[in-house]
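Worksheet: one structure, shown below.
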Amino acid sequence: MSEERSLNFLEEIIEEDLKSGRYTRIITRFPPEPNGYLHIGHASSICLNFGLTQKYPGYTNLRFDDTNPVTEETEYVESIKEDVKWLGFTWENERYASDYFDNLYAFALKLIDKNLAYVDDITADEMAAMKGTPTEPGKNSPYRDRSVEENRALFIRMKNGEFPDGSRTLRAKIDMAHINMLMRDPILYRIKHAHHHRTGDKWCIYPMYDFAHGQSDSIEEITHSICTMEFIPHRELYDWLIEKLEIYPSHQYEFARRNINYTVTSKRKLLQLVTEKHVTGWDDPRMPTVSGLRRRGYTPHSIREFCDRIGVAKRENMVDVGLLEFCVREHLNKIALRRMVVFDPLKLVITNYTQEEEMLLSENNPEDENGGVRDIPFSREIYIERDDFMENPPKKYFRLAPGQMVRLKSAYIIKCEEVIKDQEGQVTEVRCTYIPESRSGADTSGISVKGTLHWVSVKHAIRSEIRLYDRLFRVEDPTDEAGDFKEYLNPDSLQVLPEVYAEPALATATLEERFQFIRKGYFVLDRDTQSGKLVFNRTVGLKDAWAKEVKKG
RNA sequence: UGACCCAUGGUGUAAUGGUAACACUACUGAUUUUGGUUCAGUCAUUUAAGGUUCGAAUCCUUAUGGGUCAACCA
């Protein structure tokens with residue numbers, strides 16, 4: 001293996017740590033809060049954390065940051081586990097911050113005993129008012145100087161449920177004038193008489209993020225705790241708590257979260273799209289969620305490839321969704337089974353075709369020698385795509401037109417002889433003759449044509465519904481526009497074709513198979529399919545050089 | 001009116017004091033029984049000004065621009 005690729009900044013840190021002997025193996029973790037579904041940004045973090053311990057000795061834990069019972073649910077835990085597995089990663093340990101509530105409680109008592117934490121009785125509003133601003137120092141709470149004994153007794157009573165929600169908090173005693181707002185006596189514990197999805201009603205006090213995350217890292221002996229840049233100010237508190245608690249020194253490193261254009265990746269916003277029914281659910285194929293991408297037909301491999309290509313760094317970024325599409329096309333091109341489906345049919349009659357029907361062979365995938373072939377029924381009447389015929393074609397139009405010849409994919413070369421129209425002048429049928437010696441694989445005609453069309457035999461065609469998806473938003477960065485981000489939803493993000501005509505082989509399609517509908521795009525069966533009613537989702541279209549040509553005029 | 005983070009083609013990421021590169025996009029052309037794929041090629045980059053140095057994208061200073069921080073969220 002030639003390891004020529006340059007390292008990202010985290011790999012550099014790790015290689016340095018390994019070389020210096022600071023660690024002999026590394027431990028990372030992926031720490032989702034179970035209050036929403038994973039999205040493409042999380043996928044990036046998953047690939048990073050798990051990828052690092054695939055590359056270097058060590059392992060990765062999956063740890064749910066479940067310290068806020070009000071917003072967290074088991075449904076989310078299950079979906080997150082499924083998504084991580086689907087992406088192709090295996091965690092060493094499945095952990096929950098709630099596993100550590102006893103430890104965390106003991107840590108809190110230790111801090112109280114060291115006179116580094118106190119119980120505060122002021123209200124949330126008062127606390128906000130006394131916090132100061134980034135440019136002005138805060139003020140000490142009148143309860144800041146309670147004795148160790150009093151703090152201890154009060155905190156135990158908080159735990160025992162003697163006080164109502166919001167009436168008291170446990171705060172670290174640091175410095176209300178600290179330049180870092182997070183060091184101004186941050187709250188460690190708050191009272192919430194709420195049912196927790198795992199610990200039930202055992203607790204009525206719950207630790208805050210800052211008093212749970214770093215401590216959980218430490219308990220698990222995480223060596224490299226990787227998070228996004230907005231946590232940079234938290235690092236000082238992270239280190240302070242580890243130092244005062246005298247526990248295993250995990251370290252936090254930050255990278256810039258990945259943004260992708262024409263979508264949003266904020267759990268709050270995605271939740272809104274779901275609850276306000278702008279999409280059909282978390283796994284709507286238009287959603288940037290892992291489950292949405294899965295339903296859309298993206299492969300785990302293509303998502304991993306994407307995350308790999310966008311890399312990791314510390315600067316603001318806006319990744320072009322075109323790269324994601326490139327990655328999925330690249331993979332699907334290699335694995336998708338080729339099939340023919342006519343979306344907008346135009347009847348074509350081959351006047352000199354006298355057989356009842358015949359079976360023709362077509363390769364399943366020209367990119368895969370071992371992909372095999374399938375039979376396709378051919379007959380006198382077929383459907384072609386309406387826009388594959390033009391009565392008065394422009395220059396460089398390689399498709400069918402009066403007097404012109406094209407090849408029918410895997411079949412014969414035909415020549416257009418006659419155009420039938422209705423009273424309005426709409427073309428309702430085209431009549432052609434075929435060249436018997438031009439059959440695919442046995443072509444002795446010596447004729448070469450520019451265009452090849454896909455087609456489906458009229459009497460053999462099966463019906464299907466097709467769902468075409470486009471980007472969810474009309475603008476690159478909906479969050480950056482004036483007003484509500486939902487004003488920028490793309491009204492044409494979903495187009496349903498209720499009845500298209502497909503070749504018979506598609507009748508036995510499964511959810512796992514990937515298809516390329518020739519000249520149309522990549523498709524996957526949707527779970528809405530019922531017996532007798534096929535539904536396909538378009539994962540992504542093919543690159544379309546002709547469409548570009550037409551656009552240019 | 002503070003602290004912290006960041007700044008390389010249209011986009012993303014490299015170059016670790018020594019020829020600014022790779023991928024995507026765009027554009028040419030060739031091949032092609034998918035106007036797909038594949039192949040060949042073209043356009044295009046160091047925020048600015050000073051300084052250090054034989055030599056700076058890289059180190060220093062200042063400026064500019066963008067981002068983050070004042071939830072009993074994570």
Side-chain angles (χ1 to χ4, degrees), chain A residues 5-8 12 31-33 35 65-68 70-72 97 120 123-124 127-129 131-136 138 165-171 178-182 184 186-192 205-206 208-210 212-213 227 229-236 254 256 258 261 267-268 309-327 329-330 333-334 338 340 362-363 366-367 396-399 406-411 413 438 440-441 443 448-454 516-522 541-550:
Chain A
R5 253 191 82 181
S6 57
L7 305 175
N8 66 46
E12 277 177 17
E33 184 190 10
N35 69 346
D65 236 333
D66 56 350
T67 58
N68 185 2
V70 179
T71 57
E72 296 154 3
D120 202 347
T123 65
M127 201 179 292
K131 191 106 185 177
T133 71
T135 53
E136 306 159 49
D165 286 5
S167 60
R168 286 175 219 263
T169 55
L170 182 73
R171 301 178 73 179
H178 201 108
I179 203 85
N180 181 347
M181 299 286 290
L182 282 159
R184 319 244 263 227
I187 294 173
L188 268 21
Y189 266 93
R190 76 285 215 191
I191 303 171
K192 275 180 194 280
I205 55 171
Y206 292 95
M208 295 288 288
Y209 166 83
D210 287 303
H213 199 103
C227 61
M229 302 267 284
E230 64 267 29
F231 288 94
I232 288 177
H234 292 254
R235 189 175 60 224
E236 193 170 12
E254 309 87 9
R258 322 314 317 225
N261 57 11
K267 277 195 276 188
R268 209 194 90 248
R309 280 180 187 251
I310 61 180
V312 48
K314 300 183 80 157
R315 76 169 122 153
E316 294 286 316
N317 60 79
M318 178 66 76
V319 182
D320 193 334
V321 68
L323 184 60
L324 218 206
E325 294 176 346
F326 167 82
C327 291
R329 281 194 192 105
E330 183 185 45
N333 177 50
K334 294 198 190 88
R338 269 55 174 183
M340 293 200 284
S362 188
E363 73 278 7
E367 306 296 317
K396 291 198 285 183
Y397 184 80
F398 305 150
R399 282 113 95 144
V406 295
R407 173 172 290 282
L408 294 173
K409 172 71 183 172
S410 299
I413 291 173
S438 68
S440 287
D443 187 348
S448 68
V449 292
K450 271 286 208 179
T452 301
L453 309 186
H454 61 283
Q516 185 198 100
F517 293 173
I518 291 177
R519 303 207 301 139
K520 286 297 185 182
Y522 294 100
L542 256 23
K543 287 216 294 196
D544 191 345
W546 174 244
K548 225 176 252 177
E549 192 69 30
V550 170

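Fair warning: this is a prediction, and the values are worked out from it, not measured in the lab. Just so you know, these numbers use all the heavy atoms, side chains as well, and skip hydrogens, waters and symmetry mates. Here is the naming used below: chain letters follow the sequence lines, and residue numbers restart at 1 for every chain.
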Full working for side-chain contact (heavy atoms from CB on, under 4.5 Å) between A/Arg190 and A/Asn68 | CA-CA 10 Å; A/Arg190 76 285 215 191; A/Asn68 185 2; 3.8 Å; yes
Looking at B/C5, B/G35, B/G12, which one has an atom nearest to any side-chain atom of A/Ala545?
-> B/G35
What's touching nucleotides 1-4 of chain B from the protein side, N or O pairs under 3.5 Å?
from: B/G2; atom 1: N3; to: A/Pro134; atom 2: O; distance (Å): 3.4

Is A/Ala124 touching bases, backbone alone, or none of the nucleic acid, heavy atoms closer than 4.0 Å?
-> base
Within the distance-only criterion (no hydrogens, no angle test), does the side chain of A/Arg519 pair as donor or acceptor with the backbone N or O of A/Met340 below 3.5 angstrom?
-> no
Could you state the CD1-P distance from A/Ile310 to B/G10, rounded to the nearest angstrom?
-> 20 Å
For A/Arg235 and B/U68, give me the distance from atom CZ to atom P, rounded to whole Å.
-> 18 Å
C1' gap between B/U32 and B/A40, integer Å | 15 Å
Determine the Euclidean distance between corresponding C1' atoms of B/C60 and B/A56; express it in Å to zero decimal places.
-> 11 Å
N or O in side chain of A/Arg315 less than 4.0 angstrom from B/G12 OP1/OP2 = no
Got a donor-acceptor contact below 3.5 angstrom from the A/Arg329 side chain to the A/Gly541 backbone?
-> yes
For A/Arg407 against A/Ser438, the heavy-atom pair lying closest together = NH1-O, 2.9 Å
Quick one: does A/Thr452's side chain have a donor or acceptor within less than 3.5 Å of a partner on A/Leu408's backbone?
-> no
Remember a base hit wins even if backbone is also touched, and classify A/Tyr397 as base, sugar-phosphate or nothing at under 4.0 Å, heavy atoms.
-> base
Could you tell me whether A/His234 contacts a base, only the sugar-phosphate backbone, or nothing, with contacts defined as non-hydrogen atoms closer than 4.0 Å?
-> base
A/His213 NE2 - B/A74 P separation (whole Å) | 11 Å
So the stems of RNA chain B, runs of at least three Watson-Crick or G-U pairs (under 3.5 Å), are B:2-7 with B:64-69, B:10-13 with B:21-24, B:26-30 with B:38-42, B:47-51 with B:59-63
Under 5.5 Å between ring centres and under 30° between planes: true for A/Trp546 and the base of B/G35?
-> yes
Distance-only, no hydrogens or angles: does the A/Arg258 side chain make a donor-acceptor pair with backbone N or O of A/Gly311 under 3.5 Å?
-> yes
Please determine if a side-chain N or O atom of A/Arg258 lies less than 4.0 Å away from the OP1 or OP2 oxygen of B/U13.
-> yes
Rounded to the nearest Å, what distance is computed from the CG atom of residue A/Asp66 to the P atom of nucleotide B/C73?
-> 15 Å
What is the distance from CZ of A/Arg184 to C1' of B/A70, rounded to the nearest Å?
-> 7 Å
Could you give the CD-to-P distance, from A/Glu236 to B/C5, as a whole number of Å?
-> 11 Å
C1' gap between B/A23 and B/A15, integer Å = 15 Å
Show the numbers, then the answer: is there a side-chain contact (heavy atoms from CB on, under 4.5 Å) between A/Thr67 and A/Glu33?
-> CA-CA 8 Å; A/Thr67 58; A/Glu33 184 190 10; 6.0 Å; no
Give the ring-plane orientation class for A/His234 versus A/Tyr209, where under 30° counts as parallel, over 60° as perpendicular and anything between as tilted.
-> perpendicular
When rounded to the nearest Å, what value does the distance between C1' atoms of B/U13 and B/U25 take?
-> 15 Å
Contact class for A/Ser448 (heavy atom, under 4.0 Å): base, sugar-phosphate, or nothing?
-> nothing
Using a heavy-atom cut-off of under 4.0 Å over every strand shown, decide if A/Tyr189 touches base, sugar-phosphate, or nothing.
-> nothing
Separation of the P atoms in B/A57 and B/G18, to the nearest angstrom | 10 Å
Take atom NZ of A/Lys267 and atom P of B/C73, then tell me their distance rounded to the nearest Å.
-> 15 Å
If the P atom of B/A63 is compared with that of B/C24, how far apart are they to the nearest Å?
-> 41 Å
Does A/Asn35 reach the main-chain N or O of A/Glu72 with its side chain, forming a donor-acceptor pair under 3.5 Å?
-> no
In plain terms, say whether A/Lys409 and A/Glu363 are close enough for a salt bridge, that is, a side-chain N and a carboxylate O under 4.0 Å apart.
-> yes
Expected string for nucleotides 18-34 of chain B under the B/S/- scheme (protein heavy atoms, under 4.0 Å, primed atoms plus P, OP1, OP2 as sugar-phosphate) is -----SSSSSS----BB
Hey, does A/Val312 reach any base, or is it just sugar-phosphate, or nothing, if we go heavy atoms under 4.0 Å?
-> sugar-phosphate
A/Lys192 atom NZ is separated from B/C72 atom P, nearest whole Å, by 10 Å
Decide side-chain contact (heavy atoms from CB on, under 4.5 Å) for A/Ile187 and A/Asp120; before the verdict, give the C-alpha distance in whole Å, the side-chain angles of both, and the deciding distance to 0.1 Å.
-> CA-CA 9 Å; A/Ile187 294 173; A/Asp120 202 347; over 6 Å; no
So how far is it from A/Arg268 CZ to A/Thr71 OG1, rounded to the nearest 0.5 Å?
-> 13.5 Å
Same-atom distance (P) from B/C4 to B/U61, integer angstrom | 12 Å
B/A30 and B/U46: how far apart are their C1' atoms, nearest whole angstrom?
-> 35 Å
Any A/Thr67 side-chain nitrogen or oxygen under 4.0 Å from OP1 or OP2 of B/A74 | yes
B/S/- contact track for nucleotides 40-48 of chain B, protein heavy atom under 4.0 Å | ---------
For A/Leu542, side-chain contact (heavy atoms from CB on, under 4.5 Å) partners two or more places apart | A/Gln516, A/Tyr522
Short heteroatom pairs, N/O only, protein and nucleotides 64-67 of chain B, under 3.5 Å:
from: B/G67; atom 1: O2'; to: A/Glu316; atom 2: OE2; distance (Å): 3.2

